[in-house]
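Have a look at the structure below before the remarks.
Just so you know, these numbers use all the heavy atoms, side chains as well, and skip hydrogens, waters and symmetry mates. Not measured: the values here are computed from a predicted model.
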Protein chains: 2
Amino acid sequence: MTISRKEVARLAGVSEATVSRVLNNVGPIKEETRQRVLRAAEQVGYVPNVLAQQFARKRSGNIGVILPFVPKVHLFSTYYFSEILSGIGETVSRFGYDLLLIFRQPDDAKDYAILFRTHKVDACIVLGSRDVPEERAALAELQTEGYPFCLVNQRFESAEFLTVDADHAAGSGEAVRHLIGIGRRRIAFLNGPPEYSNSMDRYAGYKAALRENGLDVREDLVYIGNYSRKSGYLLAEEIGKRIRGGEIDAVFAANDRMAIGLMQGLKEQGVEPGKAYSLVGYDDSDASRMTSPALSTVSVPFYEMGKLAAEKLLDPEQQDDRKQRHEHLLPIRFLARETSLI
Amino acid sequence: MTISRKEVARLAGVSEATVSRVLNNVGPIKEETRQRVLRAAEQVGYVPNVLAQQFARKRSGNIGVILPFVPKVHLFSTYYFSEILSGIGETVSRFGYDLLLIFRQPDDAKDYAILFRTHKVDACIVLGSRDVPEERAALAELQTEGYPFCLVNQRFESAEFLTVDADHAAGSGEAVRHLIGIGRRRIAFLNGPPEYSNSMDRYAGYKAALRENGLDVREDLVYIGNYSRKSGYLLAEEIGKRIRGGEIDAVFAANDRMAIGLMQGLKEQGVEPGKAYSLVGYDDSDASRMTSPALSTVSVPFYEMGKLAAEKLLDPEQQDDRKQRHEHLLPIRFLARETSLI
DNA sequence: TTGTATGCGTTATCAT
DNA sequence: ATGATAACGCATACAA
């Protein structure tokens, strides 16, 4: 038995419309009436039925957040998601919205537009996206239909999607410049798959830093993993050989997980980071602080990225900016720790 | 301009009610009519308006998941949340529900019932809860009002809340028995705050294992941290002294974060795990595999816990069980790794 | 097997 | 400043 506006209206001796006006702070209301309504609502413990509100307003009040399919989650830092989600969550609630969490299904053809057509969400934020045809098509559809959405940490070449990203080219450049600064010259790069713009950005930063310093970019120094710890671990055999052979004196890995996997594999061969070679990871994940020696890495403002993405969708003050600038890059910070002391 | 049932009905030459019946698979329908309706719906690209459905059904179709306040998140393993959330997410979507993510606010008086009164959620799952008065009151209110909810990884003494937990007493017992098995006799226990049932359960397991083996439980061997890495790190000074003094030969920590913090602090003193002392953590977090030496730990089935919690709320087959058994404890697995070899 | 009719609890428009 | 009332798009009880 739920209490509706009607009881409040009766008790306050006003019409239902007036109750709504008071509760929604809309239109002119005599102060005395307002008080009477508020007291009546208080007295009967009235709370509006959100389902009726959503229906009448034709808005769900939900921001959808689309996450990668579960097993894929582990290719990302879990820190990554918990931070971005927190940033989004804090912001949407500040604007009176709720957060609907949506896991991509493995099988189903990507159809993000259905979320809007069914009115499940008013806007959405896409995490862990990749530049592959089906994903691009699903996003293009959203764009065409005019549904508001924002990508986080993934950009699409020649597509004008609203995006919040970090400046990974700059961050990678800093990391590599640091390695060069401590005297390293044969710097290998352990990258992730190219369908993540993250990977391409890091590669761009890597190359730029080498060239600035008159070093050649050599394809045989570039390795590709899949951002998992295991993929880093598996490359340790080959990279270890080349470190011992003097062909490699440092490794820049595109994320901490691969860096740590590599570090573990190399340690098994007796090849220690910070001594035989320098190592830099990427993400400033929890784990990077827990290894020994502590992993040098690049800190990404995940919380702020989530916050900004939500603001771009919800904050009226961001709306103009949004038209002018589809892509927003947040600054990044390099952290020198023990794996790249010398 | 959104397409409603009406157009479909007109096109198919049936009433709106019949369209609903076909789409919801309710009541007897002539096969030919069904086909006609489905084709019409297909043709005009009809999708039901979820907001209208929710309103008419008086159900939101949402399962709320309540998370700890953001800064507190870091006291838990992020792995913890990503796993539990995945388990919940997979399950609710299997039952046709959506997942509404709710971050506890720091300031606001705990009022979970409002989620139900406003009809925002049909049921909810509470994560990262603690046994403190305000939390207990908020949950008791849900119970009294008959709102369905399930706690995960936290039990309340003498309160019959529906709960899914892991058998932390058993897990801790195994861990400590293992330490005893490798010859340790002066086993310190680094626990978390008592308002988490997790802490009390681990303590119970610790004590039981000691007593079974004729060892005294000594209060001066029990330390309390707050589940953060830092709290473990800070205790390294004192514990280190006692290890060197021969008063402690092993530490069982209530989670990996504290274990790793302690391990780092001790390492700075030149006290190495697996040699001067044995160490066991708890959670089987990502980080536990990334330390060196690798951390012995206890594996918790977080994914299954999330899954089971959701099933208890949604699966009709679990409904009877639910009445009989308020608390469900999942089994746990001890993992011997390098920090407790000898 | 299908159609008719009512209700769901708001918002918002149009009067007054 | 306030009241009356039409939508909103669907589910469902009741008729036929």
Does D:dT2 have its OP1 or OP2 closer than 4.0 Å to a side-chain nitrogen or oxygen of A:Thr33? yes
What's the verdict on side-chain contact (heavy atoms from CB on, under 4.5 Å) for A:Asp315 and A:Thr91, showing C-alpha distance, side-chain angles and the deciding distance? CA-CA 9 Å; A:Asp315 190 347; A:Thr91 307; over 6 Å; no
In B/S/- notation, 5' to 3', how is nucleotides 7-16 of chain D contacted by protein heavy atoms closer than 4.0 Å? -BBBBBB---
Distance below 4.0 Å between A:Thr18 side-chain N/O and D:dT2 OP1 or OP2: no
Nearest whole Å is fine: how far is C:dG9 P from B:Arg117 CZ? 17 Å
Measure from CG on B:Leu51 to P on C:dG9 and round the result to the nearest Å. 16 Å
Please name all residues satisfying side chain to side chain contact (heavy atoms under 4.5 Å, CB included) with B:Ser93, sequence neighbours left out, ordered by chain then number. A:Gln105
Rounding to a whole Å, what distance do you find between B:Gln54:CD and C:dT10:P? 15 Å
Can you name the residues that form a salt bridge (Lys or Arg N to Asp or Glu O under 4.0 Å) with B:Glu304, not counting sequence neighbours? none
Do other residues, nucleotides or ligands put more than 12 heavy atoms under 6.0 Å from A:Glu157 CD? no
For the CD atom on B:Glu160, are there more than 12 heavy atoms of other groups (residues, nucleotides or ligands in this structure) within a distance under 6.0 Å? no
Please determine which of B:Lys110, B:Arg130, B:Glu195 meets the side chain to side chain contact (heavy atoms under 4.5 Å, CB included) test together with B:Glu135. B:Lys110
Whole Å only: how far is the CG atom of A:Asn25 from the P atom of C:dA12? 14 Å
